[in-house]
Amino acid sequence: MVTFSKRKYGIYKKASELATLTGAQVGVLVFSPSGNPYSFGHPSIEAVSNRFLGLNQPANDHTHPLVEAHRQARIAELNQYHNHLLHQLAAEKERGKMLKEMTKGKNTQGWWEASIEDLTVEELHQMDAAFEELSMTLHNKLNQMNLGGGRPLSFLLPTVNPPQTGSQFPDSHC
């Protein structure tokens, strides 16, 4: 009986969400293991069953106008959000296609082997940061391993000195 009550509540909750999100008329009728009937209907179980049976609907709908206005506003809001997500999905799919086209034929080389002439300034900065991080990681790992018999292995890594000018890239119109 406990399981039935929990399942019944879950079904009612889903039916209510369906009615709220789509504006559909929903009716659910369940029987407990002992044979007792339980029902849920939106706007009412009678309205849903009459519509299902093809009978005339009662003249007075028991839905309060404020509730109906709120429901319609919520449906419009959710539809707008859904459309926004669809546009985002389409944009991401288009971006994926562009990236796939850009990387076509470059599968045989690593990112570090890519032609830097095709990169933007931002991508060059990102690549520089990645190389710097890789260099520091290698440097730290080599020093931890201490393969040189007690002396640091920093002499194995080339030192890169930044340019002495105020700009990191002397030609700023890259």
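Just so we're clear, the structure is a prediction, and the values are computed from it rather than from any experiment.
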Looking at every non-hydrogen atom in both residues, tell me the closest pair between Ala19 and His42 and how far apart they are.
CB-CD2, 3.6 Å
Taking all atoms of both residues into account, what is the closest heavy-atom pair of Ile75 and Thr20, and its distance?
CG1-O, 3.1 Å
Take Lys97 and Glu101 through the test side chain to side chain contact (heavy atoms under 4.5 Å, CB included) and record every step on the way to the result.
CA-CA 6 Å; Lys97 285 180 187 176; Glu101 285 295 319; 5.6 Å; no
Nearest 0.5 Å please: distance from the [atom1] atom of [X] over to the [atom2] atom of [Y].
| X | Y | atom1 | atom2 | value |
| --- | --- | --- | --- | --- |
| Leu85 | Leu78 | CG | CG | 10.5 Å |
| Lys141 | Thr137 | NZ | OG1 | 10.5 Å |
| Met127 | Leu134 | CE | CG | 11.5 Å |
| His82 | His87 | NE2 | NE2 | 10.5 Å |
| Ser135 | Asn140 | OG | CG | 9.0 Å |
| Arg51 | Gln25 | CZ | CD | 5.0 Å |

Counting only heavy atoms not in Gln80 (residues, nucleotides, ligands), do more than 12 fall under 6.0 Å from its CD?
no
Under 3.5 Å, side chain of Ser49 to main-chain N/O of Glu46, donor-acceptor pair present?
yes
Consider only side-chain N and O atoms of Asn143 and His139, and report whether a donor and an acceptor are under 3.5 Å apart.
yes
Got a sec, which hydrophobics cluster with Val26, joining ILVMFWY side chains under 4.5 Å apart, including via others?
Met1, Phe4, Ile11, Tyr12, Leu18, Val28, Val30, Tyr38, Phe40
For Glu92, enumerate each residue passing the salt bridge (charged side-chain N to carboxylate O under 4.0 Å, His left out) test, keeping only those at least two apart in sequence or located in another chain.
Arg95
The criterion is salt bridge (charged side-chain N to carboxylate O under 4.0 Å, His left out); which residues satisfy it with Glu77, sequence neighbours excluded?
Arg74
